[in-house]
Colleague: 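Before I ask anything, here is the structure I am working with.
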Amino acid sequence: MLIKLTGGTVYDPASGIDGKQQDIYVQDGKIIDKPIGDFLVDKEYDLKGKVVMSGAIDMHTHIGGGKGNIARTLLPEDHRQDPVASNDVCRSGCGHAMPSTFVTGYRYAEMGYTAGFEPALLPINARQAHMEMGDIPILDKGGYVMLGSDDYLLRMLTAKKDQKAINDYVAWTMHSAKAIGVKVVNPGGINAFKFNQRKLDLDEQNSHYGVTPREILRVLATAVKELGIAKPLHVHGCNLGVPGNMDTTLDTIQGIGGLPMHLTHIQFHSYGTEGDFKFSSGAARIAEAVNKNKNITIDVGQILFGQTVTASGDNMRQHANNKFASPNKWVTMDIECDAGCGVVPFKYKDKNFVNALQWAIGLETFLLVKDPWRIFLTTDHPNGAPFTSYPHLIRLLMDRTFRNDVLSTIHPEAQKMTTLASIEREYTLQEIAIMTRAGAAKLIGLQNRGGLSAGNWADITIYTDNVDRQKMFEKPDYVFKDGEVVVIDGKVVHTKWGTTHIVKPDYDKSIEKDLKVYFDKYLTMKIDNFRISDNEFTEDGRGSLTVHDLKAVA
Amino acid sequence: MNEIVEVPSPFCGIGTDDLIIKVDGLKVSVVENGCAVNTSAFEQPITDTKARINGKEVELNEAISHAASLLKNANYPVIGGCATDVNGMRGLLALADRTGAVVDNMNFNNARKNILALQDSGWMTTTLAEVKNRCDLLLIVGTDLEGFAPRFFEKYLWNEAMFLENTSDREIIYLGTKPSGNASTSPNGKTAQVFECENEGLPEIVAVLRALVKGQSIHAESVEGISIADLTAIADKLKAAKYGVVTWAAGALNYSHAELTVQTICEMVKDINQTTRCSGFPLGGKDGDQTANQVCGWTTGYAARVSFAKGYPEYDPFLFETNELLNNGEADALVWVNAFNAQAKPPKTNVPTIVVARSGMTFEKEPDVFIPVGTPAIDHAGHAFRLDNVVAIRLKKLRDSNLPSTAEVLNAIEQVLHEESVC
């Protein structure tokens, strides 16, 4: 079937096209060049006056894994506010803060998203995460495997194993857990919490292993680079949420010595200690450091006001923050000498000084970082806000008047502590397309996604231009996934199953010998039962794996 | 004849995966590392291979069509049992969504004691490998742990650990039910401390223990037969331990409002964590009950007692109980799903009944439709969740029985109903 999308205004940063009227041809799920000679178009869409972008990619969203399901079980009262009935096309479920898997797929697609990446794939919980994502329709998905608090790595560091051995272990874990990236959360801190340490600064030693977060970051960032993994090490830094953590973040940037590094939900790591409340914005200094250090990419983790739930691997910090739980109930978990998790429901209030300033810090960060290819639009769903608030966030970025109107309603002391009112920048459509499409695909290393030139998969979103950017982005006219129409006028009309994106870096198979001894002696599963096999994705006829190329290593 | 090693078990809840199993045709024998729970579960023989309608053997697709027609005529079907693997639960939930049914896991009344506590105030918990490598004090509340999982001590306590010099020195304390054997005696002969009482006394005892942990003074000298001095000693040990673990099986807390005991335990664990580390460790997860709650959790937002009657999932931990709905005449059809245990039979009822269950199930009253299915981990590959919630195990296929899986049967019924609704 040959589809022609005629006359839309195309924003395709991957090809350098910024708002140019052009036709797009789609055949067999992919975008093709205009066929040569005579050809018959099976279906034509008249898109004159419409905005055309590729399908959006959320590069950091908690959509699969144990902590999310704990969050679901914890909050029946939240689901009851947003029941979702089944219809001829869609399954039933629930929405709001931590939607059910099917509703996650539908609601992302209904905003023009066609892919989402789970940033915290615990090796031992990866199987669950992939099974949950296997029940998310329409979207492509993938995950970043979490290392850094696992006892095996810390033992390697204590034993002074060389970088090559660590690279092998990282690659082996990526194979076993089926990942496309590597993440570290509160480096070594989750492990230190198990030894009753309650905080861990960048140069503070784990009381048992004597290893510091700085060392963990360095070896993992090096491993990612040397293995040729496109996605830079995904870093949830030390001291999340602690006033003054801006200094830790700046030190983390300096300390990585030019290695590629992605600092995630940086808003939560950009706090100073100035002012009457000893809590201030560090966004300007963080943005300055990001602007200067081209090896650094970030996503923001914007908070937006309202009820949500925070679900994180960082049980050390989540435990410390449990007094803020709203409603007052929370869960933390130590997990399998591998990692941990913490789930704390949260209600961000615009009349609360700290929350109001967090909101402003996130927006300052968006507006002060100059290169849209190195910053990504996230709320760290569901931690800063549910992903369904993205259209509202896009309006805040693209519409200064609207932004300042909202600013004028937040806690007055917070208004005094932010430079937001004076920042004139408004994001352009092209910059939004970079952050949510081309930039995300490039960052993760997705081939043939996030662009609209021939050879790309036909993940395409079509909007009606509207000065109210929230309205525009919350209701696309059409969304195509792999060339099939899945959404019309903001409603799912057809569903299909996306693929799971992974990489398979090489490793020395002999490392399994030592790993097998470790598994047999200390863990609770045989190493062969631990490894996730390819057919676990494909055997039910729905899932598939897409293996991406590695970067050439110098 | 074929010997298969490193076989994972979905039956015992603790994810044992070192079984060695001999397969001879359809006969399965556990050769090594069996236990009272796993060996009998793996070795249940296949008797039926054919589906039946009203006791008469029929082809599978006939049974599927008849099941679909019974469900089509039902206004308020209930799908009970819910003991199967992840794909089985996926199929079950799709069928429930299609038919507006209630989904109710057969062990939910036990799981509810934990879930109510979780949903009211949360908890701090841990997993098996952390217990194995860190636990220096295990407090067992109201539960015969070796009766629950015969190999628990051998596999997870009397072993080598990363962070304990000598695991034989681990402290084991029983409060309530006493152990049924000596598994809790360490390899160097150290015996568990046992403070025996009726489990009905645990609400008071646990409340006092929590008060002592918090440093409150208690004027009584004993509570429900346990001396305050003994409880004070337990409280002191919990506070002195580096990584204490408090465990209980909700099913063993067999008195009304046991969720309040669970909540007191969990709040006590949080109190202890103000100064040292301590974790709760709820026992469960047998025959797919954790699997049911997990898959239902991500598909609906709620644990596995959910009604789809209104077109969207509604959760009520009390109203949607299978037996209640059958006994008070609300439910007008029953689907009973149990791929794990031929002894776990459907409740007696006069409403049309479809049983999708492990081969070998016998009935006092023949159901309208009986479809024998393969058992996950024996007849087909699949996935199940362990008791500690975040670990999913990969189940193997051991033999070729040609029995369909739960998922295949339930998806086929759902497909018939879907096609009829489209036509």
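To find a chain, count down the sequence lines: A is the first, B the second, and so on, and within it residues start at 1.
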Colleague: Run the numbers on B:Asp18 and A:Lys526 for salt bridge (charged side-chain N to carboxylate O under 4.0 Å, His left out), then give the verdict.
Modeller: CA-CA 7 Å; B:Asp18 60 356; A:Lys526 298 288 180 191; 5.5 Å; no

Colleague: Which region of B:Thr300, side chain (C-beta onward) or backbone (N, CA, C, O), has a non-hydrogen atom less than 4.5 Å from a non-hydrogen atom of chain A, or is it both or neither?
Modeller: backbone

Colleague: Which atoms of B:Leu93 come close to chain A, meaning under 4.5 Å heavy atom to heavy atom: side chain ones, backbone ones, both, or neither?
Modeller: both

Colleague: Output the option from A:Leu74, A:Asp338, A:Asp135, A:Thr73 having the highest count of non-hydrogen pairs under 4.5 Å with chain B.
Modeller: A:Asp135

Colleague: Has A:Lys329 got its NZ or CZ under 6.0 Å from the middle of the six-membered ring of B:Trp123, at an angle within 45 degrees of the ring axis?
Modeller: no

Colleague: Examine whether an atom of A:Arg531 lies under 4.5 Å from a heavy atom of chain B, and if so say whether it belongs to the side chain, the backbone or both; otherwise answer neither.
Modeller: neither

Colleague: Any idea which of A:Gly66, A:Gly134, A:Pro327, A:Ala85 has the most non-hydrogen atom pairs under 4.5 angstrom with chain B?
Modeller: A:Ala85

Colleague: Side chain, backbone, both or neither: which part of B:Asn389 has a non-hydrogen atom closer than 4.5 Å to chain A?
Modeller: both

Colleague: How many angstroms lie between atom OG of A:Ser92 and atom NZ of B:Lys310, to the nearest 0.5 angstrom?
Modeller: 13.5 Å

Colleague: Just how far is it from atom CE of B:Met162 to atom OH of A:Tyr518, taken to the nearest 0.5 Å?
Modeller: 3.0 Å

Colleague: Are the side chains of B:Tyr302 and A:Arg80 in contact, using a 4.5 Å heavy-atom criterion?
Modeller: yes

Colleague: Can a salt bridge be assigned to the pair B:Arg134 and A:Glu336 using a cut-off of 4.0 Å between side-chain N and carboxylate O?
Modeller: no

Colleague: With the side chain counted from C-beta on, respond yes when B:Phe385 and A:Gln128 share a heavy-atom pair under 4.5 Å apart, and no when they do not.
Modeller: yes

Colleague: Counting only non-hydrogen atoms closer than 4.5 Å, does B:Lys396 touch chain A with its backbone (N, CA, C, O), its side chain (CB onward), both, or neither?
Modeller: side chain

Colleague: Relative to chain B, which of A:Leu523, A:Asn535, A:Val331 shows the most heavy atom pairs under 4.5 Å?
Modeller: A:Val331

Colleague: Chain B heavy atoms under 4.5 Å from A:Val84: which part of the residue, side chain, backbone, both or neither?
Modeller: backbone

Colleague: Apply side chain to side chain donor-acceptor pair (under 3.5 Å) to B:His383 and A:Glu536, showing your working.
Modeller: CA-CA 9 Å; B:His383 295 99; A:Glu536 292 179 57; 2.7 Å; yes

Colleague: Could you tell me which non-hydrogen atom of A:Asp520 sits nearest to which non-hydrogen atom of B:Lys132, and how far apart they are?
Modeller: O-NZ, 4.1 Å

Colleague: Which atom pair, heavy atoms only, marks the closest approach of B:Ala129 to A:Cys337?
Modeller: O-SG, 3.6 Å

Colleague: Considering only heavy atoms, which portion of B:Val390 lies under 4.5 Å from any heavy atom of chain A: side chain, backbone, both, or neither?
Modeller: both

Colleague: Go through B:Asn159 and A:Tyr522 one step at a time and tell me if the side-chain contact (heavy atoms from CB on, under 4.5 Å) criterion holds.
Modeller: CA-CA 9 Å; B:Asn159 52 11; A:Tyr522 299 123; over 6 Å; no

Colleague: So, do B:Pro8 and A:Asn529 sit near enough that their side-chain heavy atoms are less than 4.5 Å apart?
Modeller: yes

Colleague: With the side chain counted from C-beta on, respond yes when B:Thr126 and A:Met333 share a heavy-atom pair under 4.5 Å apart, and no when they do not.
Modeller: no

Colleague: So which of B:Ala381, B:Ser121, B:Gly280 has the biggest tally of heavy-atom pairs under 4.5 Å with chain A?
Modeller: B:Ser121

Colleague: Which atoms of A:Glu539 come close to chain B, meaning under 4.5 Å heavy atom to heavy atom: side chain ones, backbone ones, both, or neither?
Modeller: side chain

Colleague: May I ask you to name which of B:Asp120, B:Asn411, B:Ile14 has the most heavy-atom pairs under 4.5 Å with chain A?
Modeller: B:Asp120

Colleague: To the closest 0.5 Å, what do you measure between CE (B:Met124) and CG (A:Asn322)?
Modeller: 8.0 Å

Colleague: Roughly how far, to the nearest 0.5 Å, is the CZ atom of A:Arg198 from the CZ atom of B:Arg277?
Modeller: 6.5 Å

Colleague: Is it true that the side chains of B:Tyr243 and A:Asp334 contain a donor and an acceptor less than 3.5 Å apart?
Modeller: yes

Colleague: Please state whether the side chain, the backbone, both or neither of A:Ala339 comes within less than 4.5 Å of a heavy atom of chain B.
Modeller: backbone

Colleague: Tell me, side chain or backbone of A:Lys67 under 4.5 Å from chain B's heavy atoms, or both, or neither?
Modeller: neither

Colleague: Heavy-atom distance under 4.5 Å to chain A: side chain of B:Thr275, backbone, both or neither?
Modeller: backbone

Colleague: Heavy-atom pairs under 4.5 Å with chain B - which of A:Ala126, A:Gly93, A:Gly65 has more of them than the others?
Modeller: A:Gly93

Colleague: Would you mind reporting whether A:His79 and B:Tyr312 have side-chain heavy atoms less than 4.5 Å apart?
Modeller: no

Colleague: Can you tell which part of A:Asn315 gets under 4.5 Å to a heavy atom of chain B, answering side chain, backbone, both or neither?
Modeller: neither

Colleague: Quick check: are there more than 12 heavy atoms from other residues, nucleotides or ligands sitting under 6.0 Å from NZ of A:Lys347?
Modeller: no

Colleague: Please state whether the side chain, the backbone, both or neither of A:Asn87 comes within less than 4.5 Å of a heavy atom of chain B.
Modeller: neither

Colleague: So, for B:Gly301 and A:Ser100, which heavy atoms are closest and what is the spacing to 0.1 Å?
Modeller: N-CB, 4.3 Å

Colleague: Taking every non-hydrogen pair under 4.5 Å, which of B:Gln294, B:Lys242, B:Arg98 racks up the most with chain A?
Modeller: B:Gln294

Colleague: Please report the interatomic distance CG(B:Asp97) to CZ(A:Phe102), rounded to the nearest 0.5 Å.
Modeller: 8.5 Å

Colleague: Look at B:Asn273, B:Asp388, B:Ile393 and state which one has the largest set of heavy-atom pairs under 4.5 Å with chain A.
Modeller: B:Asn273

Colleague: Are the side chains of B:Lys155 and A:Thr524 in contact, using a 4.5 Å heavy-atom criterion?
Modeller: no

Colleague: Measure distances from A:Arg155 to the heavy atoms of chain B and classify the residue's part below 4.5 Å as side chain, backbone, both or neither.
Modeller: side chain

Colleague: At a heavy-atom distance under 4.5 Å, which candidate from A:Cys341, A:Gly68, A:Pro83, A:Gly342 has the highest pair count against chain B?
Modeller: A:Pro83

Colleague: With rounding to the nearest 0.5 angstrom, report the CG to OG1 distance, A:Asn196 to B:Thr276.
Modeller: 4.5 Å

Colleague: Would you mind checking which part of A:Ile532 comes under 4.5 Å of any heavy atom in chain B, side chain (CB onward), backbone (N, CA, C, O), both or neither?
Modeller: neither

Colleague: Identify which of A:Met131, A:Met98, A:Met525 forms the greatest number of heavy-atom pairs closer than 4.5 Å to chain B.
Modeller: A:Met131

Colleague: Where on B:Asn133 is there a heavy atom nearer than 4.5 Å to chain A: the side chain, the backbone, both, or neither?
Modeller: side chain

Colleague: Given heavy-atom pairs under 4.5 angstrom as the criterion, report whether the side chain, backbone, both or neither of A:Asn69 touches chain B.
Modeller: side chain

Colleague: Given a strict heavy-atom distance threshold of 4.5 Å, which part of B:Ala94 is in contact with chain A: side chain, backbone, both, or neither?
Modeller: both

Colleague: With a 4.5 angstrom heavy-atom cut-off, which part of A:Phe193 approaches chain B: side chain, backbone, both or neither?
Modeller: both

